[in-house]
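Heads up, the thing below is written out as structure tokens.
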Amino acid sequence: MSSPALATRHRLSEVRYEIRGELARRARELEMQGRTLVKLNIGNPGAFGFRAPEHLQRAIADQIEQTDPYTHQQGLPDAREAVAEFHRERGTPNASPERVFIGNGVSELIDIALRALLNPGDEVLLPSPDYPLWSAATILNDGRPVYYACRPENGFLPDPAEIEKLISSRTRALVLINPNNPTGASYPRELLEKIVAIARKYRLVLMADEIYDHILYDDATFQPLAPLAGDLPCLSFGGLSKVHRACGWRVGWAMLSGDPTVIGPYHHALDLLGALRLCANVPGQFAIRAALHGGDTVSALTAPGGRLYETRRALIECCEASPHLSLVPPQGALYGFPQVVGDAAQGFDDHAFALELLEHEDVLIVPGSSFNVPYRNHFRVTLLPEADQLRDVFKRIDRVLSRRADAAVRQRASA
């Protein structure tokens with residue numbers, strides 16, 4: 001008799017991460033068969049020919065001889081001071097290197113931040129759509145995600161009144177992703193002030209995922225949360241992966257702000273969990289000062305004529321030209337979140353569509369429902385390919401949607 005399969009943690013059955021899930025595994029199988037795919041499932045600049053700025057590479061190379069030992073669990077002193085200076089320039093209250101935590105990417109810090117805070121059954125308010133790591137980290141740290149809607153008809157911005165109605169005696173934290181992944185929404189100051197007021201009323205910890213803070217288009221602006229939060233406990237996350245195009249270096253940071261007497265125990269918990277994993281990637285930490293204080297390298301990409309701007313323009317024009325698609329133009333970040341409309345939307349299943357697009361048109365996208373929304377008529381694409389390549393992708397998308405629309409019309413005619 002064969003042995004029973006090895007049991008795993010039960011709560012893993014609640015975790016979804018389709019960005020690198022079943023569809024990505026199928027894509028690898030097709031590549032092994034010799035197929036050439038356009039993979040728009042992940043915001044990975046290096047895979048599309050972007051390079052980390054030269055002065056960041058040089059900062060690591062010049063210090064490589066100093067990178068062999070472990071460093072302090074919160075990070076190199078100068079790297080933490082560079083983050084603190086950056087936040088002081090933004091107006092973050094009491095920004096100091098003692099309150100900075102360097103991690104192996106923002107992903108690790110999100111997990112640590114929630115593990116340090118949550119007891120079983122505690123609730124975390126998350127945007128819907130969200131970046132699914134936030135949901136996964138909440139679940140795997142024995143918390144419960146509670147979603148506040150960011151509807152397309154409202155520009156993917158939340159309604160503060162609806163957020164407040166979701167708060168219970170178990171609510172511990174309120175998460176914002178700004179600029180947003182997957183929608184590209186950028187939150188205005190007035191909206192953030194209302195959200196801060198709710199957090200203050202209910203004594204919630206604010207967590208601001210601001211990894212895309214300088215990736216903005218047209219007249220969009222970015223308002224950091226910590227200066228508005230003042231003495232409220234607030235964790236602000238940033239890193240090298242997106243603005244600085246250095247995903248593989250795995251360098252992120254979190255700035256803890258707020259009243260020292262209130263955040264003291266939480267600071268200790270973060271420090272303890274950081275110590276348990278010893279430290280973050282040391283070589284990459286030498287690039288932090290160069291990244292934050294060495295000059296703007298992303299605005300040329302997001303301005304008219306820049307690569308990201310022109311790919312975004314292609315996305316907008318393709319969706320406008322398609323009878324099957326509607327789009328809220330992204331104001332920031334690296335993604336578009338189109339909606340399928342019209343006859344193609346009849347009986348539409350985003351996962352089945354994504355699989356058909358992969359199998360028949362060699363394009364890998366992420367179904368919209370992977371971002372914890374209650375509807376199934378959206379999908380996410382990244383803005384990282386060249387504009388012409390994205391235009392070609394949307395020709396393939398339109399072919400699949402046209403077939404679905406034609407089938408819906410035939411079905412109605414025969415009914």
Side-chain angles (χ1 to χ4, degrees), residues 42-90 92 94-113 133 208-215 222 224 226 235-257 267 270-301 334 384:
I42 190 165
N44 186 11
F48 290 87
F50 290 89
R51 294 296 310 277
E54 185 179 347
H55 68 286
L56 272 67
Q57 299 180 40
R58 191 166 57 249
I60 294 177
D62 289 348
Q63 302 293 333
I64 197 68
E65 293 182 357
Q66 301 183 46
T67 63
D68 294 340
Y70 294 128
T71 185
H72 187 275
Q73 60 263 26
Q74 286 186 225
L76 287 168
D78 185 66
R80 289 157 57 198
E81 176 57 39
V83 175
E85 290 174 13
F86 175 75
H87 274 275
R88 284 197 294 270
E89 292 169 1
R90 283 187 165 179
T92 300
N94 301 314
S96 67
E98 292 74 22
R99 293 178 167 207
V100 174
F101 297 84
I102 309 297
N104 293 298
V106 168
S107 300
E108 180 187 57
L109 292 167
I110 288 171
D111 181 56
I112 288 175
L133 172 64
D209 184 342
E210 298 174 343
I211 188 73
Y212 298 98
D213 55 357
H214 287 96
I215 302 179
F222 168 73
L235 265 179
S236 302
F237 299 88
L240 299 183
S241 293
K242 309 302 183 182
V243 172
H244 307 285
R245 289 89 69 197
C247 291
W249 297 5
R250 305 313 301 133
V251 177
W253 52 82
M255 177 79 226
L256 178 61
S257 58
H267 185 286
L270 293 170
D271 184 62
L272 172 63
L273 293 172
L276 290 174
R277 60 84 158 106
L278 297 177
C279 71
N281 168 39
V282 176
Q285 294 185 50
F286 282 100
I288 291 176
R289 177 168 291 281
L292 294 180
H293 304 286
D296 175 7
T297 64
V298 77
S299 291
L301 297 171
L334 296 175
L384 292 169

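Basis for what follows: all heavy atoms, side chains included, without hydrogens, waters or symmetry-related copies. Along the sequence shown, residues are numbered consecutively beginning with 1. None of the values given here were measured: they were computed from a predicted structure.
- Checked by atom type and distance alone, the side chain of H72 never pairs as donor or acceptor with a backbone atom of P77 at under 3.5 Å.
- For the atom pair I42 CD1 and L334 CG, the distance stands at 11.5 Å (nearest 0.5 Å).
- Annotation: the span from S236 atom OG to I211 atom CD1 amounts to 12.0 Å, rounded to 0.5 Å.
- E108 has its side chain out of reach of F101: every pair of non-hydrogen atoms, C-beta onward, lies at least 4.5 Å apart.
- Of all heavy-atom pairs between L384 and F50, the closest is O-CE1, 3.5 Å.
- Rounding to the nearest 0.5 angstrom, the gap separating the NE2 atom in H87 from the CG atom in L256 is 10.5 Å.
- Using a 4.5 Å cut-off on side-chain heavy atoms (C-beta onward), S241 and R250 make contact.
- The shortest non-hydrogen separation linking Q74 to E98 is NE2-O, 3.0 Å.
- Between the R245 side chain and the V243 main chain, a donor and an acceptor come within less than 3.5 Å of each other.
- For E89, the side chain to side chain donor-acceptor pair (under 3.5 Å) criterion is met by no residue, not counting sequence neighbours.
- Closest of all the heavy-atom pairs between V106 and G238 is CG2-O, 3.2 Å.
- N281 contributes a side-chain N or O that, together with a main-chain N or O of W249, makes up a donor-acceptor pair within less than 3.5 Å.
- For the atom pair L235 CG and W253 CH2, the distance stands at 14.5 Å (nearest 0.5 Å).
- Atoms OG1 and CD, from T71 and Q66 in turn, are 10.5 Å apart once rounded to the nearest 0.5 Å.
- We find that K242 and E210 are not joined by a salt bridge, their nearest charged nitrogen and carboxylate oxygen being 4.0 Å or further apart.
- Scored by the ring-ring contact (aromatic ring centres under 6.0 Å, His included) test, H214 finds no partners at all (sequence neighbours excluded).
- Annotation: side chain of M255 is not in contact with side chain of F86 (no heavy-atom distance under 4.5 Å).
- In terms of modelled atom types and a separation under 3.5 Å, the side chain of Q57 and the main chain of A52 share a donor-acceptor contact.
- With respect to the salt-bridge test (charged N to carboxylate O, under 4.0 angstrom), the residues R277 and D111 do not qualify.
- Between E85 and R289 there is a salt bridge, with a side-chain nitrogen of the basic residue lying less than 4.0 Å from a carboxylate oxygen of the acidic one.
- The shortest distance between side-chain heavy atoms of D213 and F237 does not fall below 4.5 Å.
- The nearest pair of heavy atoms linking D296 to V298 is OD1-N, 3.0 Å.
- T297 places a side-chain heavy atom less than 4.5 Å from the side chain of H55.
- Residues meeting the side chain to side chain contact (heavy atoms under 4.5 Å, CB included) test with A79, sequence neighbours left out: L76, Q285, I288.
- Distance check: S96 OG to R88 CZ gives 8.0 Å after rounding to the nearest 0.5 Å.
- Of all non-hydrogen atoms in A226 and S257, the two that sit nearest each other are CB-OG, 3.7 Å.
- Shortest non-hydrogen contact noted between L240 and A287 is CD1-CB, 4.1 Å.
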